[in-house]
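Here the structure comes first, spelled out in structure tokens, and everything after it is commentary.
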Amino acid sequence: MWWILAGSLAMLRLHRGTAVCLMLIALGWGMIDKVIDFSGLLAIAGIGLICLIVKAGDGFWRGLKPAGEVLLLASAIGLFVHIFPGFNNPKIIDAVKVGQQSAPFSMWFNFDKAIIPFILLMALPTLFYRPSVYRPARWAWLLLILSVPALLLIAVGLGGLRIEAHFPEWLGSFVLANLFFVSLAEEALFRGYLQQRLAGWLGPIPALFVTALVFGLAHIAGGVMLMVFAALAGVIYGLAWMWSGRLWTSTLFHFALNLCQLLLFTYPYYLNS
């Protein structure tokens with residue numbers, strides 16, 4: 001089921017009809033496996049109805065589009081923070097220490113977060129791609145790529161991380177979950193939607209930093225150190241999106257940082273920090 005769900009997200013930019021079919025298969029499978037119960041199905045149906053209203057956008061429905069977009073954004077945020085009932089996301093890793101210096105780590109396969117890109121694409125058709133006016137040089141891209149390990153090394157210097165290599169047996173599950181159900185979902189919300197909308201209202205540079213700040217605040221549960229780290233990472237992801245105009249570019253930067261940390265540093269943080 002989870003590979004089908006990931007496949008639907010991978011196809012969303014390429015062929016929407018195929019993506020929807022795969023999502024429906026994953027949804028049915030999820031109900032059979034009791035990952036989604038009836039209340040979760042009702043929530044998805046209600047969100048789907050709002051999507052249809054927003055997509056119609058003609059005649060009587062045109063006046064409802066702004067309110068519909070607000071409701072879709074609210075639904076995406078609700079799925080992001082897991083407030084909708086009916087999603088029994090399975091815990092795949094339970095308080096495992098990936099290394100001697102690493103804190104215990106748990107991981108879920110989150111069906112609710114995986115729905116976010118579908119919802120926001122209905123709210124904003126340019127979610128996955130918007131032509132960029134920027135043409136950064138190759139050296140600028142190289143510096144942005146190098147900023148990923150540089151940020152992790154800064155976290156080491158500040159005491160939040162330690163260098164510690166790992167190759168856990170559950171790496172495949174981590175890649176699947178983190179790429180599609182974490183990185184893509186979060187980038188769809190923060191860069192694809194929020195930064196893009198703010199760029200139209202405030203301009204691209206203020207939007208970059210405001211979105212990064214909000215992204216940092218979204219990690220408040222992890223403490224001040226994680227908030228600062230996430231905000232700085234948000235600047236990297238925001239630049240990747242701003243320069244390319246492609247959601248998958250910022251998603252790959254996001255995933256690369258998470259994977260680099262897992263393989264080479266304490267994960268999710270230094271136990272004694």
_Run the side chain to side chain contact (heavy atoms under 4.5 Å, CB included) test on L252 and L179 for me, step by step, so that the C-alpha distance in whole Å, both residues' side-chain angles and the decisive distance to 0.1 Å come before the verdict._
CA-CA 8 Å; L252 290 175; L179 177 57; 4.2 Å; yes
Check for a donor-acceptor pair, side chain of [X] on one end and backbone N or O of [Y] on the other, with a separation under 3.5 Å.
X: Q101; Y: R162; answer: no
X: R246; Y: W243; answer: no
X: H219; Y: G222; answer: no
X: T249; Y: A240; answer: no

Is any side-chain heavy atom of [X] closer than 4.5 Å to a side-chain heavy atom of [Y]?
X: H166; Y: L263; answer: no
X: V175; Y: F255; answer: yes
X: I93; Y: S173; answer: no
X: F84; Y: D112; answer: no
X: H82; Y: F87; answer: no
X: I119; Y: L73; answer: no
X: F105; Y: L262; answer: no
X: I205; Y: F209; answer: yes

*Would you say the side chains of S250 and E187 form a donor-acceptor pair under 3.5 Å?*
yes
Mind checking side-chain contact (heavy atoms from CB on, under 4.5 Å) for [X] and listing every partner two or more places apart, or none if nothing turns up?
X: A10; value: F180
X: A95; value: P104, S106
X: V224; value: V228

*Which pairs with one or both residues in residues 115-131 pass side chain to side chain donor-acceptor pair (under 3.5 Å), sequence neighbours excluded?*
T126-Q196
Give the cluster check for [X] versus [Y]: same hydrophobic cluster or not, with ILVMFWY residues linked at side-chain heavy-atom distances below 4.5 Å.
X: V81; Y: L189; answer: yes
X: L247; Y: V133; answer: yes
X: I236; Y: W139; answer: no
X: V182; Y: V148; answer: no
X: L213; Y: Y193; answer: no

*Ring geometry between Y237 and F215 (parallel below 30°, tilted from 30 to 60°, perpendicular above 60°)*: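 If you compare the ring of F215 with that of Y237, the planes turn out perpendicular.
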Exercise: identify the closest heavy-atom pair between [X] and [Y]:
X: S183; Y: H254; value: OG-CD2, 3.6 Å
X: P136; Y: A140; value: CB-CB, 4.0 Å
X: L127; Y: G192; value: CD1-C, 3.4 Å
X: Q261; Y: Y269; value: NE2-N, 4.3 Å
X: L161; Y: P268; value: CD2-O, 4.0 Å

*Taking only residues two or more places apart in sequence or in another chain, which ones pass ring-ring contact (aromatic ring centres under 6.0 Å, His included) with F174?*
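Counting only residues at least two positions away or on another chain, F174 forms a ring-ring contact (aromatic ring centres under 6.0 Å, His included) with Y267.
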_I163 vs L152, test: side chain to side chain contact (heavy atoms under 4.5 Å, CB included). Steps then yes/no._
CA-CA 9 Å; I163 295 175; L152 291 167; over 6 Å; no
*Please check if the distance between the ring centroids of W108 and F181 is under 6.0 Å.*
no
Set of side chain to side chain donor-acceptor pair (under 3.5 Å) partners for [X], sequence neighbours left out:
X: D33; answer: W29
X: T251; answer: none
X: S147; answer: none
X: K34; answer: none

First locate atom [atom1] of [X], then atom [atom2] of [Y], and finally report the distance between them rounded to the nearest 0.5 Å.
X: I115; Y: L27; atom1: CD1; atom2: CG; result: 7.0 Å
X: I4; Y: L9; atom1: CD1; atom2: CG; result: 12.5 Å
X: L198; Y: L194; atom1: CG; atom2: CG; result: 4.5 Å
X: C260; Y: F265; atom1: SG; atom2: CZ; result: 5.5 Å
X: M225; Y: Y270; atom1: CE; atom2: OH; result: 12.0 Å
X: W241; Y: F190; atom1: CH2; atom2: CZ; result: 14.5 Å

*Results of salt bridge (Lys or Arg N to Asp or Glu O under 4.0 Å) for R197 - residues two or more places apart only*: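 Result, salt bridge (Lys or Arg N to Asp or Glu O under 4.0 Å) vs R197: E69.
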*salt bridge (Lys or Arg N to Asp or Glu O under 4.0 Å) with E186: which residues, sequence neighbours excluded?*
K113
*Got more than 12 heavy atoms from elsewhere within 6.0 Å of CD1, I220?*
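At most 12 heavy atoms, drawn from other residues, nucleotides or ligands, come within 6.0 Å of this atom.
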*Count the heavy atoms of every other residue, nucleotide or ligand shown that sit under 6.0 Å from CH2 of W170, and state whether that count exceeds 12.*
yes
Return all side-chain donor-acceptor pairs below 3.5 angstrom for residues 35-47, not counting sequence neighbours, or 'none' if the list is empty.
{"residue": "D37", "atom": "OD1", "partner": "S39", "partner atom": "N", "Å": "3.1"}
{"residue": "D37", "atom": "OD1", "partner": "S39", "partner atom": "OG", "Å": "2.7"}
{"residue": "D37", "atom": "OD1", "partner": "G40", "partner atom": "N", "Å": "3.2"}
{"residue": "S39", "atom": "OG", "partner": "G86", "partner atom": "N", "Å": "3.4"}

_Working for side chain to side chain contact (heavy atoms under 4.5 Å, CB included), residues L271 and K97_ = CA-CA 10 Å; L271 183 60; K97 286 188 62 177; 3.6 Å; yes
*Apply side chain to side chain contact (heavy atoms under 4.5 Å, CB included) to C51 and F118, showing your working.*
CA-CA 9 Å; C51 288; F118 279 88; over 6 Å; no
